[in-house]
Colleague: 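First the structure, then my questions, so here it is.
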Amino acid sequence: MLDLFKSRRRAKLRAQPAPSAWREILQRNLPIFNRLTPEDQAELLGHTQVFLNEKHMEGAGGLEITDEIRVTIAGQACLLLLHREIDYYPELISIIVYPSGYTANEERHIGGGFWEEGAEDRLGHTGHRLGALVLAWDAVRHGAAAPADGRNLVLHEFAHQLDFENSSGDGTPLLATRGDYLVWARVMSAEFDALRNATWSGEETLIDNYGVTNPGEFFAVITEAFFERPRALRKKHPELFEQLQRFYKQDPTTYSLEEISAPST
Ligand SMILES: [Zn+2]
């Protein structure tokens, strides 16, 4: 009953017209928004309304949250939700936004049962069972304005949230069937090994080397590549591209600005 109530409330939110100022913010700050089909633009605005209704966003380090900040973050986060059956990042409650990079004090697992404590400079972060996601506003804005450089902080952090949905954070998001998991595991472990080998031998890679940290980071960086460098990714990593296309149920080559600002080789 609760779910029925929730899905009705969400459908109502999606159906109401979004403030025209929100559309203008997306048009101004997210160059790819203007390249989506009218149907996808409407779907994205609908998801943005649900997202901003359900998630708490607060400023830190003196930053005051404005509609521009809210909509620029939500618009990018909701790009990952288009066409899919979704639950709007169910683990996530709060988004904390700093004006720029911030220093985090925390414990980090460094393997073998050891934990390291110390300050770390960051642009964004989220964690399994944390319920929160932290972003630096200048990096969010830059990521949106440069849609083909292969990097996008918001897509990265929200890919982690998708990964957490099947409760493991192991680099495998919720897939439909057992067969899907088998193919995903085969393709991704081969691609992960290839990235690790290329990194060790100092080769230049299309996929961000940060992905070799662990399979969770691998999923986050291939998500960035999928949305920002889709043509190059399809050419160099066709099986990986196919897996992501099946999962995300969209083909960013149809709207990407990659060819204009970063031609693939
Ligand atoms: Zn990450």
Side-chain angles (χ1 to χ4, degrees), residues 51 55 57 60 72-81 88-98 100-111 115-144 146-147 149-174 184 188-189 191-196 198-199 205-230 233 237 240 243-244 247-248 252:
F51 181 94
K55 308 301 178 196
M57 208 180 284
T72 303
I73 291 171
Q76 294 177 82
C78 292
L79 186 66
L80 302 184
L81 306 182
Y88 295 96
Y89 305 109
E91 264 216 7
L92 182 65
I93 300 159
S94 286
I95 299 156
I96 298 146
V97 192
Y98 282 84
S100 57
Y102 58 95
T103 305
N105 274 298
E106 67 152 28
E107 291 187 325
R108 276 194 304 274
H109 186 229
I110 52 173
W115 293 77
E116 178 186 64
E117 230 177 279
E120 191 185 352
D121 290 329
R122 284 187 169 157
L123 297 174
H125 176 67
T126 191
H128 196 17
R129 299 196 184 89
L130 197 62
L133 192 148
V134 189
L135 295 166
W137 168 234
D138 60 356
V140 168
R141 198 168 38 184
H142 173 79
D149 64 356
R151 303 282 180 92
N152 185 296
L153 178 66
V154 177
L155 299 183
H156 181 107
E157 300 302 338
F158 280 87
H160 282 314
Q161 283 292 324
L162 293 177
D163 187 14
F164 300 153
E165 279 183 38
N166 59 358
S167 80
S168 51
D170 60 353
T172 306
L174 266 180
W184 180 279
M188 295 304 170
S189 61
E191 293 280 359
F192 183 82
D193 288 348
L195 182 66
R196 200 172 42 189
T199 303
T205 57
L206 172 69
I207 298 169
D208 188 344
N209 301 116
Y210 184 60
V212 301
T213 310
N214 59 49
E217 295 304 339
F218 184 73
F219 176 62
V221 301
I222 60 175
T223 293
E224 291 178 83
F226 179 69
F227 285 95
E228 296 242 330
R229 305 289 315 275
L233 190 72
H237 305 271
L240 181 142
Q243 289 304 303
L244 290 175
F247 173 68
Y248 282 116

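From a predicted model like this one, the values you see are computed outputs, not experimental measurements. In listed order, ligands and their atoms are each counted from 1.
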Colleague: Looking at every non-hydrogen atom in both residues, tell me the closest pair between Ile222 and Met188 and how far apart they are.
Modeller: CD1-SD, 3.8 Å

Colleague: Measure from the Zn ion (ligand 1) to every N/O/S atom of Glu217 and report the name of the nearest one.
Modeller: OE1

Colleague: Verify the distance test for Glu157 against the Zn ion (ligand 1): any N/O/S atom under 2.8 Å, yes or no.
Modeller: no

Colleague: Using the test side-chain hydrogen bond (donor to acceptor under 3.5 Å, both in side chains), find all partners of Asn214 that sit at least two apart in sequence or belong to another chain.
Modeller: none

Colleague: So, do Gln161 and Thr126 sit near enough that their side-chain heavy atoms are less than 4.5 Å apart?
Modeller: yes

Colleague: Rounding to 10°, state the angle centred on the Zn ion (ligand 1) that links NE2 in His156 with NE2 in His160.
Modeller: 100°

Colleague: Can you name the side chain to side chain contact (heavy atoms under 4.5 Å, CB included) partners of Ser100, sequence neighbours left out?
Modeller: Asp138

